[in-house]
Asks: 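Pasting in a structure now, in structure tokens, and then I'll have a few things to ask.
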Amino acid sequence: MRTLDEKETTQVFEKLFKFAGNNLKNIVDGASHEGPDPAPGRYCFRLCKNRVFYVSESLVRRATNVGRHNLASLGTCVGKFTKGGSFHLTIQALGILAANARHKVWLKPTSEMSFLYGNHVLKGGLGRITENINPGDGVVVFSMSDVPLGFGISQRSTQDCRKLDPNGLVVLHQADIGEYLRMEDEL
């Protein structure tokens with residue numbers, strides 16, 4: 001387990017900024033209340049076997065007692081680097097993204113299952129949408145009861161969604177909580 005180099009840090013922060021915007025500061029500077037220390041620590045990002053983990057510094061210090069080959073996971077896995085060198089967020093980052101999301105979309109109960117099976121969000125399944133979404137922005141997808149279901153990339157702006165036909169594409173699917181069942185061997 002090692003710290004991220006400058007290039008890797010830039011890639012991770014750019015991807016997180018796409019979803020969190022200025023709330024990225026809350027992710028990076030958030031206080032950690034884990035461990036035996038009475039004073040709150042901080043969170044950091046660490047790389048282990050091409051996976052990026054969001055973990056408290058207190059836990060990182062204690063993990064130094066574990067051998068590298070024995071360490072499978074530590075903290076929350078927020079994403080992974082592909083063999084080509086690009087960074088992809090994984091579904092485990094949903095808790096962090098949902099708490100700090102800049103743009104949100106709520107689905108009608110009838111279209112939740114479609115999204116959880118890996119399909120994109122259509123205008124007909126849209127319950128609510130936050131203002132000022134632009135095409136290409138990161139969007140966190142919620143159920144109408146505010147349960148985070150996944151995340152994706154917006155295909156249309158908020159204004160374009162209002163005049164779109166019901167079969168028009170609104171959000172491109174990237175990850176959803178159904179992946180815990182569909183891809184349990186890979187996670």
Side-chain angles (χ1 to χ4, degrees), residues 4 7-30 43 45 51-54 76-82 84-183 186-187:
L4 301 174
K7 180 183 172 199
E8 293 165 341
T9 303
T10 303
Q11 285 181 303
V12 170
F13 282 179
E14 283 175 354
K15 189 68 81 163
L16 288 174
F17 184 79
K18 192 174 212 176
F19 289 90
N22 292 334
N23 294 335
L24 179 60
K25 186 177 185 330
N26 297 341
I27 296 172
V28 175
D29 293 336
Y43 284 100
F45 292 94
R51 296 192 181 272
V52 177
F53 293 94
Y54 180 67
T76 303
C77 179
V78 293
K80 62 182 180 179
F81 284 99
T82 62
S86 61
F87 179 73
H88 294 281
L89 288 171
T90 58
I91 189 60
Q92 293 99 328
L94 182 61
I96 297 166
L97 294 177
N100 298 291
R102 178 174 49 167
H103 301 301
K104 300 177 182 180
V105 166
W106 289 265
L107 296 182
K108 292 178 182 174
T110 55
S111 64
E112 287 177 14
M113 288 306 292
S114 175
F115 181 74
L116 294 178
Y117 285 132
N119 297 320
H120 303 302
V121 176
L122 303 177
K123 166 68 163 79
L126 206 60
R128 292 186 331 210
I129 186 169
T130 56
E131 294 294 324
N132 302 325
I133 294 179
N134 295 317
D137 285 346
V139 176
V140 178
V141 179
F142 289 87
S143 68
M144 289 303 279
S145 56
D146 282 332
V147 175
L149 300 175
F151 54 89
I153 302 296
S154 65
Q155 188 69 20
R156 309 248 190 261
S157 68
T158 305
Q159 289 73 26
D160 292 344
C161 288
R162 291 194 172 97
K163 8 179 196 180
L164 196 61
D165 67 87
N167 291 328
L169 195 61
V170 177
V171 176
L172 295 174
H173 175 275
Q174 279 198 332
D176 64 80
I177 56 176
E179 289 180 14
Y180 285 116
L181 297 174
R182 291 193 312 269
M183 305 166 108
E186 296 174 22
L187 296 175

Asks: The criterion is salt bridge (Lys or Arg N to Asp or Glu O under 4.0 Å); which residues satisfy it with Asp176, sequence neighbours excluded?
Replies: Arg182

Asks: Find out whether Val139 and Ile153 are in side-chain contact, i.e. whether some heavy atom of one side chain is under 4.5 Å from a heavy atom of the other.
Replies: no

Asks: Does any non-hydrogen side-chain atom of Pro109 lie less than 4.5 Å from one of Met144?
Replies: yes

Asks: With side chain to side chain donor-acceptor pair (under 3.5 Å) as the rule and sequence neighbours excluded, what pairs involving residues 135-145 come up?
Replies: His103-Asp137, Ser143-Ser145

Asks: Quick one: pull up OG1 in Thr9 and CD in Glu14 and give me the separation to the nearest 0.5 Å.
Replies: 11.0 Å

Asks: Taking the six-membered ring of Phe17 (Phe, Tyr or Trp), confirm whether the NZ or CZ of Arg102 is under 6.0 Å from its centre and within 45° of its axis.
Replies: yes

Asks: Without swapping roles, check the side chain of Gln11 against the backbone of Gly85 for a donor-acceptor pair under 3.5 Å.
Replies: yes

Asks: Using residues 158-166 as the side-chain source, report each donor-acceptor pair under 3.5 Å to any protein atom, sequence neighbours left out, with the distance given to one decimal.
Replies:
residue	atom	partner	partner atom	Å
Thr158	OG1	Thr130	O	3.1
Thr158	OG1	Ile133	N	3.1
Asp160	OD2	Ser157	OG	3.2
Arg162	NH2	Glu131	OE2	2.7
Asp165	OD1	Asn167	N	3.0
Asp165	OD1	Gly168	N	3.3

Asks: Which salt bridge (charged side-chain N to carboxylate O under 4.0 Å, His left out) pairs, counting each pair once, include a residue from residues 19-30, with sequence neighbours left out?
Replies: Lys25-Asp29, Asp29-Arg42

Asks: Side chains of Thr90 and Val78: does their closest heavy-atom pair fall under 4.5 Å?
Replies: no

Asks: Hey, what's the ring geometry for Phe81 with Phe87, parallel, tilted or perpendicular (30° and 60° as the breaks)?
Replies: tilted

Asks: Could you give the distance from CZ (Arg51) to NE2 (His88), rounded to the nearest 0.5 Å?
Replies: 12.0 Å

Asks: Quick one: closest heavy-atom pair of Gly150 and Ile91, and the distance?
Replies: CA-CD1, 4.4 Å

Asks: Walk me through whether Val170 and Leu122 qualify under side-chain contact (heavy atoms from CB on, under 4.5 Å).
Replies: CA-CA 5 Å; Val170 177; Leu122 303 177; 6.0 Å; no

Asks: Rounded at 0.5 Å granularity, tell me how far CG in Leu94 sits from CD in Glu179.
Replies: 10.0 Å

Asks: With His173, which residues qualify under ring-ring contact (aromatic ring centres under 6.0 Å, His included), at least two apart?
Replies: Phe115

Asks: Could you list the residues that satisfy ring-ring contact (aromatic ring centres under 6.0 Å, His included) with Phe45, not counting sequence neighbours?
Replies: Phe13, Tyr54

Asks: Drop me the distance from Leu97's CG to Leu89's CG, to the nearest 0.5 angstrom.
Replies: 6.0 Å

Asks: Decide yes or no for Val140 and Trp106: does some side-chain heavy atom of the first lie under 4.5 Å from some side-chain heavy atom of the second?
Replies: no

Asks: Judged by atom type as modelled, is there a donor-acceptor pair below 3.5 Å linking the side chain of Ser111 to the main-chain atoms of Lys108?
Replies: yes

Asks: Tell me if a side-chain donor or acceptor on Asn100 pairs with a main-chain N or O of Ala20 at a distance below 3.5 Å.
Replies: no

Asks: In Å and rounded to the nearest 0.5 Å, what is the OG to CD1 distance from Ser154 to Ile129?
Replies: 7.5 Å

Asks: Please round to the nearest 0.5 Å and tell me the distance separating atom CG of Leu172 and atom CZ of Phe151.
Replies: 13.0 Å

Asks: With side-chain contact (heavy atoms from CB on, under 4.5 Å) as the test, would you mind laying out the steps for Met113 and Leu116 before giving the verdict?
Replies: CA-CA 5 Å; Met113 288 306 292; Leu116 294 178; 4.3 Å; yes

Asks: Find out whether Glu112 and Tyr117 are in side-chain contact, i.e. whether some heavy atom of one side chain is under 4.5 Å from a heavy atom of the other.
Replies: no

